[in-house]
Amino acid sequence: MATPCTISVLLTAHNSEKYIPHTLESLSRACNGVQDDVEIILLNDASSDSTSQFLHAFADKKPQAKVFDVAFNNIGKIRNFGVSQCSGEYITMLDGDDQLIGETFLDIIKKLKESEPDLLLTPLNEVYENKPHPEIWNGLKTHVLTQHQIIEKFLIHRDVQAHFIGQFVKRDILAQHTFPEFSCYEDAYLFPSILKASKKILFAEQGPYLYFKRANSLSNTLNEEKISLLIKATE
């Protein structure tokens, strides 16, 4: 039986043709040097543009990549489906309009193998349109935190955000916790449960994730349904 890879990257995309080529290019660069230790799960959820074609073209060149075309129209459902397809020891998530800093997974995989944490939390690098974004990787510097310390950072100091993008969660832990079938805020709902289930936690000073803050993004467009889901997640 083949040895499982260290990281499964779970990329979800919906009508992302404008951004997905840059996302995929950045993912490829992030994997430099450790390609054989990274599994890539590409999920196209009901796109009506060329997103699926970009994903399939990428996978045709990457033996470690698999593409799934589904029609859930729901981020919670597609995250659960994606987790079920992963075989890596850790799962990290990537949205189809964000990017990763190059040459980062080499350090991250080394740390995961050495320390075997339940959870590696990394800060997101927020990127605003028409402004330069950081792409200098200074290496992975981590601190071991107790569960109490990380929950305090999350609830009180807000040093940790309720995102699964840019985080590295043991697959066995994530597989035991189901995302709610929300159209958004599914991560805010589940994230505290993952913190409670994780005993050995590493907290990094810098992360590999470039989180693009776009004016027309789903998270910046509020409506009655989204407000209702946010209330449920917060409760």
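The model shown is predicted, which means the values in this text are computed figures rather than measured ones.
Remark: of the listed residues Leu43, Ile78, Asn44, Leu42, Leu43 is the sole one forming a side chain to side chain contact (heavy atoms under 4.5 Å, CB included) with Phe68.
In this view, His163 and Tyr211 satisfy the ring pair (Phe, Tyr, Trp, His ring centres under 6.0 Å) rule, not counting sequence neighbours. In terms of the ring pair (Phe, Tyr, Trp, His ring centres under 6.0 Å) criterion, residue partners of Phe72 (sequence neighbours excluded) are, by chain and number, Phe81.
With hydrogens and angles ignored, the 3.5 Å screen pairs a side-chain donor or acceptor of Glu17 with a backbone N or O of Ser50. Of the possible polar contacts, one joining the Asn15 side chain to the Ser48 backbone as a donor-acceptor pair under 3.5 Å is found.
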* Take Leu112 and Leu120 through the test side-chain contact (heavy atoms from CB on, under 4.5 Å) and record every step on the way to the result. => CA-CA 8 Å; Leu112 293 175; Leu120 168 61; 4.1 Å; yes
* May I have the step-by-step check of side-chain contact (heavy atoms from CB on, under 4.5 Å) for Lys66 and Ile40, ending in yes or no? => CA-CA 6 Å; Lys66 300 176 184 176; Ile40 300 172; over 6 Å; no
* To do: Give the intermediate values and the outcome of ring-ring contact (aromatic ring centres under 6.0 Å, His included) for residues Tyr19 and Phe212.
  => CA-CA 10 Å; Tyr19 309 110; Phe212 283 75; 7.9 Å; no
* Verdict with supporting geometry, Thr12 and Asp95, side-chain contact (heavy atoms from CB on, under 4.5 Å) -> CA-CA 5 Å; Thr12 55; Asp95 286 346; 3.7 Å; yes
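Atom CZ of Arg171 and atom CD of Glu89 lie 8.5 Å apart (nearest 0.5 Å). A distance of 5.5 Å separates OG in Ser8 from CD1 in Ile91, rounded to the nearest 0.5 Å. Within the model, atoms CG of Leu106 and CD of Gln35 stand 9.5 Å from one another, a figure rounded to the nearest 0.5 Å.
Contact check for Trp137 versus Glu103: no side-chain heavy atoms found under the 4.5 Å cut-off. Side-chain atoms of Glu25 and Gln99, non-hydrogen and from C-beta on, never get closer than 4.5 Å to each other. Taking the side chain as every heavy atom from C-beta outward, Thr122 and Gln167 approach each other to under 4.5 Å. Considering only heavy atoms from C-beta on, His143 stays 4.5 Å or farther from Gln149 through its side chain. Using a 4.5 Å heavy-atom cutoff, the side chains of Ile108 and Val34 are not in contact. Side-chain contact check for Ile75 versus Asp187: every heavy-atom pair is 4.5 Å or farther apart. Taking the side chain as every heavy atom from C-beta outward, Tyr209 and Thr92 never approach each other to under 4.5 Å.
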Let me check something: any side-chain donor-acceptor pairs from residues 191-204 under 3.5 Å, sequence neighbours excluded? List them with distances.
residue	atom	partner	partner atom	Å
Ser198	OG	Ile194	O	2.8
Lys200	NZ	Ser115	O	2.6

List the atom pairs, donor and acceptor, that lie under 3.5 Å between side-chain atoms in residues 54-63 and the rest of the protein, sequence neighbours left out.
residue	atom	partner	partner atom	Å
His56	NE2	Asp69	OD2	2.7
Lys62	NZ	Ser28	OG	2.8

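Among residue pairs with one or both ends in residues 32-58, those qualifying as salt bridge (charged side-chain N to carboxylate O under 4.0 Å, His left out) are Asp37-Lys113; sequence neighbours excluded. Within the structure, no pair that satisfies the ring pair (Phe, Tyr, Trp, His ring centres under 6.0 Å) test touches residues 93-130, not counting sequence neighbours.
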